[in-house]
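Input: a single structure, listed below in structure tokens.
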Amino acid sequence: MGIACAHEASGSTGRWHVDGAYIRAVTGAGGVPVLIPPAGDSKRLEAVLDRVDGLLLPGGIDVDPYLYGEEPLPGLGKVDPEWDALDVAAARAALARGLPVLGICRGAQVLNVAAGGTLYQDIPAQVPHALQHWQNRPGWAASHSVSVVPDSLLAGIAGRRRLRVNSFHHQAVKDVAAGFRAVAHGADGVVEAIESLVHPYALGVQWHPERMAHEPHHWRLFLSLIEAARAWRAARGGREIFGEERVFDAEFSLRDIKEN
Ligand code: MN
């Protein structure tokens with residue numbers, strides 16, 4: 001399972017890294033994490049993606065509005081052209097080849113922009129009567145509800161029409177990209193998940209399931225991603241490089257999260 005790296009612009013060249021929660025979610029679900037930094041050019045990035053069975057696009061900072069044809073508004077947060085370049089190229093390559101891809105928070109926004117959609121640069125300034133989408137409580141705790149569109153990939157995975165989710169975003173999907181549809185909304189109408197209409201597994205969720213893995217309907221997102229990756233590998237007759245999936249130890253995990 002490829003995981004696109006985050007970029008921290010420190011020092012002269014910065015640091016490329018992945019938050020441990022994503023690695024833990026992938027390994028716990030039976031996957032083998034492969035960290036993906038920039039490869040030098042798109043050909044080499046595609047060669048890297050040839051060697052993984054899925055792609056996880058993690059959370060992070062804002063996406064540059066230039067990528068969807070807008071000028072920056074005052075409420076736009078920090079953006080990073082190098083990080084955007086990696087994420088958008090990886091997302092486009094995954095979508096083009098049908099590689100299973102799960103976008104989380106920024107990753108969901110990246111999927112939408114990579115496929116031609118747009119974003120709200122700043123929810124409080126642009127969405128009237130919006131809920132609080134940057135919660136004042138721990139990340140493992142849900143803060144608002146979302147309604148899930150029936151008969152969607154997400155509804156099948158989560159196994160319910162209503163979910164309680166955490167929320168750490170001030171950007172959100174505005175115009176859903178062609179070939180995608182919105183499959184979850186907050187009570188304020190903000191898009192909380194998108195999925196492809198044509199690709200077998202291209203899903204983006206606006207919340208952070210890796211921080212709520214103690215809840216089965218969030219944990220199942222990772223199990224489903226690894227399952228899609230296994231199917232992708234099997235369809236190509238490749239060698240299995242998956243591990244045993246663990247039953248997620250909710251009590252241990254929650255205690256662990258609370259103590260950290
Ligand atoms: Mn939210």
Side-chain angles (χ1 to χ4, degrees), residues 3-8 15 17-29 31 33 35 56-63 75 77-78 80 83 102-110 119-120 122-124 127 129-148 154 157-173 184-194 203-226 245-260:
I3 310 177
C5 287
H7 188 229
E8 190 185 318
R15 287 150 41 90
H17 56 87
V18 168
D19 189 288
Y22 299 108
I23 293 170
R24 189 173 163 163
V26 165
T27 54
L35 274 56
L56 178 59
L57 295 167
I61 60 175
D62 287 2
V63 178
K78 197 171 173 185
D80 182 326
W83 189 352
L102 174 64
I104 292 177
C105 200
R106 163 188 165 86
Q109 297 161 4
V110 164
L119 304 178
Y120 287 114
D122 182 42
I123 293 170
V127 182
H129 313 295
L131 299 173
Q132 181 191 62
H133 286 281
W134 199 286
Q135 69 186 49
N136 284 313
R137 66 184 80 191
W140 54 264
S143 75
H144 72 75
S145 308
V146 301
S147 54
V148 181
L154 177 62
I157 295 165
R160 46 170 80 184
R161 296 271 305 276
R162 221 172 159 70
L163 289 172
R164 295 261 302 145
V165 302
N166 57 11
S167 198
F168 292 97
H169 60 111
H170 82 112
Q171 299 207 308
V173 168
H185 297 87
D188 52 4
V190 165
V191 173
E192 288 276 341
I194 57 167
L203 174 62
V205 296
Q206 190 55 70
W207 63 93
H208 281 276
E210 81 285 1
R211 300 176 76 176
M212 300 188 75
H214 52 282
E215 302 217 6
H217 43 275
H218 293 300
W219 179 231
R220 280 201 289 272
L221 277 166
F222 295 104
L223 295 179
S224 75
L225 174 63
I226 300 301
E245 80 187 42
R246 290 197 310 262
V247 174
F248 202 85
D249 184 343
E251 256 183 58
F252 171 80
S253 162
L254 194 55
R255 189 173 66 238
D256 192 48
I257 290 165
K258 282 175 177 168
E259 282 167 5
N260 283 291

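Any value given below was found using the heavy atoms of this structure, including those in side chains, with hydrogens, waters and symmetry copies removed. Index from 1, following the sequence.
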Exercise for the section: Could you walk me through whether Val165 and His218 pass the side chain to side chain contact (heavy atoms under 4.5 Å, CB included) test, one step at a time? Expected result: CA-CA 9 Å; Val165 302; His218 293 300; 3.9 Å; yes
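Distance check, rounded to the nearest 0.5 Å: OG1 of Thr27 to CZ of Phe222 gives 10.5 Å. Rounded to the nearest 0.5 angstrom, Cys5 SG and His17 NE2 are separated by 8.5 Å. In this structure, the separation between CG on Asp19 and CZ on Arg211 is 7.5 Å, given to the nearest 0.5 Å. Expressed to the nearest 0.5 Å, how far CD1 of Ile61 lies from CG of Asp80 amounts to 5.0 Å. For the atom pair Arg106 CZ and Asp62 CG, the distance stands at 8.5 Å (nearest 0.5 Å). Rounding to the nearest 0.5 angstrom, the gap separating the CE atom in Met212 from the CH2 atom in Trp140 is 9.0 Å.
Side-chain polar atoms of His169 and Gln109 form no donor-acceptor pair below 3.5 angstrom. A donor-acceptor pair shorter than 3.5 Å can be found between the side chains of His208 and Glu210. A side-chain donor from one of Asp188 and His133 sits under 3.5 Å from a side-chain acceptor of the other.
Arg164 has its side chain out of reach of Trp207: every pair of non-hydrogen atoms, C-beta onward, lies at least 4.5 Å apart. You'll find the side chain of Ile104 reaches within 4.5 Å of the side chain of Tyr22, heavy atoms only. Two residues are said to be in side-chain contact when any heavy atoms from C-beta on lie closer than 4.5 Å; His185 and Val191 meet this criterion. Residues Ile23 and Leu35 meet the side-chain proximity criterion, which asks for heavy atoms closer than 4.5 Å. The shortest side-chain heavy-atom distance between Val148 and Arg160 does not fall under the 4.5 Å cut-off.
Here the closest non-hydrogen pair linking Trp134 and His170 is CE3-N, 4.1 Å. Listed here is the closest heavy atom pair of Ala193 and Leu154: CB-CD2, 3.7 Å. Closest heavy-atom contact between Ile157 and Leu203: CD1-CD2, 3.8 Å. Of all heavy-atom pairs spanning Ala172 and Ile123, the tightest one is CB-CD1, 3.8 Å. Of all non-hydrogen atoms in Ala141 and Asn166, the two that sit nearest each other are O-CB, 3.6 Å. The heavy-atom pair separating Gln135 from Ser167 by the smallest distance is OE1-N, 2.7 Å.
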